[in-house]
Colleague: 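Got a structure for you, questions after.
Every chain is numbered from 1, with letters handed out A, B, ... down the list of sequences. Bear in mind the structure is a predicted one, so any value in this text is a computation, not a measurement.
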Amino acid sequence: MKCEWVQQNIMLHVYDELADDARYELDQHVARCEACAAELAAAQEFRQTMATVTVVEPSPYLLTSSRMRLQEALETAQQGGFWTRLTFDPGIWLRQVRFSPALAAMLLLVGFGGGTAVTFRAMKGGTTEVPGQGAGVNAGTMTEDANITGIRSITPEPGTNRVNIKYDTVNTKETAGSLNDTRIQQLLLFAAQNNTNSGVRVDSVDLLKQRMNDSRVREALVYALRYDNNPGVRLKALEGLGSYVKDDVRVRDAVLETLTNDANPGLRTEALRVLEPVHADASVRATLERLAAKDSNKFIREQSRAQLAQLPELD
Amino acid sequence: MAGESLNRIDDTVLVREAQRGDRAAFEDLVRRYDQAVLRLALRLTGSEHEAQDIYQEAFLKAYRNVGSFRFECSFYTWIYRIVTNLCLDHLRRKQVRKEDAGVVVNADGEEFSVIEQTADDRPNANPERDLLRRELGSQIGRALEKLTPRERMVFELKHYHGLKLRTVGEMLNTTEETAKNTLFRATQKLRGALSGVRSGGDVRGGDAARRGQAI
């Protein structure tokens, strides 16, 4: 082994990147070559010197705010679909077809068969499900969802878990059913997110609070808490989400966002109370420290300080 | 090792769900890697604000393109590839602007030194040694600034993030051999720039430095 080779590979040795046989040979060479031994010592000292500067971990606040910002952007971001991918990278599809002639032939046959069947069905006249009658999610109800223009009113039946919902398509319709009914849940979710009448949104969020174990409901309530312009709706959503701050990080982030940014001081105070069971969490602690130091609202500042005072000191 | 492969299996499941449009699955993937992504971006940009922009752009890009992810590498490598590309662009722009990289700007616009963030909290620490350490940190910062963006990236990923050069090569769309050569060039430059400096924080001057062996 030549000294020149050793000099060129000594850094790989120091960074543990040499193969076992090369490492062994290098060690053997260094044991009998003074110049290369000095070079190895210098390389090791270099690594030690560079390690003087350690990597700074991002602060919990920076991490939380980055996550919140990303979540917000993801709300509106679209995934690249089939046509986007085909448009941007037709090579991928061409390669697939080139290497899979059987698959290509099958796709062609399926396409031809499917086209024929659809034409046949269209000529025969397909049947559609009558909407508003039952519980199942099916093509009929999905088609109708696209036609719903708004929810007119929501009336719970006292003493039962049934609810009457009046909604508009081209005409106003009405349906009634239990809260366990998928159709009713869909209408309530629609009302919580899309309705122009804030009273209806309050009613729907209030009812949805009973089904918080459903992740779609939590998502709708997180959306309402973050974006609804009516404080009453946001408050109802916060009440519903409160019990999930421990288990669902997205809920915790949304409540933190309310605590930090909501224009309504009452909601911020409520968010502070809701976060109390998780105030030892790093992201919550960082937010509390920030608010305690420089929030414009005196009450929030004092409450944040009070919560921080209850926490054990960090080492 | 078992944990690593289990993680990778979980990643595969989550990526498949994300490809079917499940945003919650994608957010789970984000939470697995976002701290490492932010750490790398913060270290390379030296600005919380810019690190946050890179973080945002990287994950949005990943979300939009997760459908075309073909499992030819791990999700971890893929997301790092996106981030390193964005960071390389940033470093290239920064080289043109010749900014002072030793200073970090936080979200409130306040400036602080990266080096000062790593206070010496050892029991036998003393102010003089701390001062020397900071001086050494500044010298290292300046030496790193002199590397080309690609050399800086390879060195950062190897030295400060402890990645294998094979992985670094995959992330930078190059071979392990090229990554090795780049690391060699980077360390040569750094050793040259830091000759006369010892890890204890001593900065040798004049004759002492000339007599002493370069690291």
Colleague: If you count every heavy atom of other residues, nucleotides or ligands that lies below 6.0 Å from A:Y223 atom OH, does the total exceed 12?
Modeller: no
Colleague: Look at atom CG of B:N173 and say whether more than 12 heavy atoms of other residues, nucleotides or ligands are closer to it than 6.0 Å.
Modeller: yes
Colleague: Between atom CD of B:E57 and atom CG of A:L70, what is the distance when rounded to the nearest 0.5 Å?
Modeller: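 These two atoms lie 12.0 Å from each other.
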Colleague: Output the distance between atom CZ (B:F184) and atom CD1 (A:I10), rounded to the nearest 0.5 Å.
Modeller: 10.0 Å
Colleague: Examine whether an atom of A:A41 lies under 4.5 Å from a heavy atom of chain B, and if so say whether it belongs to the side chain, the backbone or both; otherwise answer neither.
Modeller: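 Interface part for A:A41: neither.
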Colleague: Around atom OH of A:Y24, are there more than 12 heavy atoms from other residues, nucleotides or ligands closer than 6.0 Å?
Modeller: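 No, OH of A:Y24 has 12 or fewer neighbouring heavy atoms, counting only those of other groups under 6.0 Å.
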Colleague: Looking only at heavy atoms, which two atoms of B:I140 and A:T49 are closest? And how far apart?
Modeller: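 Taking every non-hydrogen atom into account, CD1-O, 3.4 Å.
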Colleague: Carefully, step by step, assess A:S66 and B:Q56 under the rule side chain to side chain contact (heavy atoms under 4.5 Å, CB included).
Modeller: CA-CA 7 Å; A:S66 305; B:Q56 175 95 341; over 6 Å; no
Colleague: Locate the shortest heavy-atom distance separating A:P58 from B:L42; write the atom from each residue and the value.
Modeller: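 Taking every non-hydrogen atom into account, CA-CD2, 4.1 Å.
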Colleague: Sort B:Y160 into side chain, backbone, both or neither according to what part of it lies under 4.5 angstrom from a heavy atom of chain A.
Modeller: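 Both backbone and side chain of B:Y160 come within 4.5 Å of chain A.
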Colleague: Heavy-atom count check: over 12 atoms from other residues, nucleotides or ligands less than 6.0 Å from B:K61 NZ?
Modeller: no
Colleague: Quick one: what part of B:L40 sits under 4.5 Å from any heavy atom of chain A, side chain, backbone, both or neither?
Modeller: neither
Colleague: Nearest 0.5 Å please: distance from the CZ atom of A:R47 over to the OG1 atom of B:T187.
Modeller: 12.0 Å
Colleague: Flag the pair B:E27 / A:R67 as yes when at least one side-chain heavy-atom distance between them is below 4.5 Å, and no otherwise.
Modeller: no
Colleague: Relative to chain A, which segment of B:E176 carries a heavy atom at a distance below 4.5 Å: side chain, backbone, both, or neither?
Modeller: side chain
Colleague: What I'd like to find out is whether the side chain of B:D53 reaches to under 4.5 Å of the side chain of A:R69, using heavy atoms alone.
Modeller: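 Contact flag for B:D53/A:R69 side chains = yes.
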Colleague: Taking the side chain as every heavy atom from C-beta outward, state whether A:E75 and B:R23 have any atom pair closer than 4.5 Å.
Modeller: yes
Colleague: Which answer fits B:A24, side chain, backbone, both or neither, if we ask what part of it has an atom under 4.5 Å from a heavy atom of chain A?
Modeller: both
Colleague: Measure A:S215 against the heavy atoms of chain B and call it side chain, backbone, both or neither at under 4.5 Å.
Modeller: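 It is neither, since no heavy atom gets under 4.5 Å.
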Colleague: Under a 4.5 Å cut-off applied to non-hydrogen side-chain atoms, are A:E57 and B:Q35 in contact?
Modeller: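 Counting from C-beta outward, A:E57 and B:Q35 do come under 4.5 Å.
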Colleague: Side chain, backbone, both or neither: which part of A:Q8 has a non-hydrogen atom closer than 4.5 Å to chain B?
Modeller: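 For A:Q8, the contact with chain B is made by backbone and side chain together.
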Colleague: So how far is it from A:L62 CG to B:H49 NE2, rounded to the nearest 0.5 Å?
Modeller: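 The CG atom of A:L62 sits 11.5 Å away from the NE2 atom of B:H49.
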Colleague: To the nearest 0.5 Å, what is the distance between CD on B:E135 and OG1 on A:T52?
Modeller: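 OG1 of A:T52 is found 12.5 Å from CD of B:E135.
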Colleague: With the side chain counted from C-beta on, respond yes when A:N9 and B:K180 share a heavy-atom pair under 4.5 Å apart, and no when they do not.
Modeller: no
Colleague: Any ion pair linking A:E17 and B:R166 (charged N to carboxylate O, less than 4.0 Å)?
Modeller: no
Colleague: Drop me the distance from A:Y15's OH to B:L183's CG, to the nearest 0.5 angstrom.
Modeller: 6.5 Å
Colleague: Side-chain contact test, heavy atoms from C-beta onward, threshold under 4.5 Å: evaluate it for A:E45 versus B:R191 and give yes or no.
Modeller: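 Side chain of A:E45 against side chain of B:R191, heavy atoms only: no contact under 4.5 Å found.
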Colleague: Less than 4.0 angstrom from a charged side-chain N to a carboxylate O is my criterion; do B:R31 and A:D253 meet it?
Modeller: yes
Colleague: With a 4.5 angstrom heavy-atom cut-off, is it the side chain or the backbone of B:L60 that approaches chain A, or both, or neither?
Modeller: both
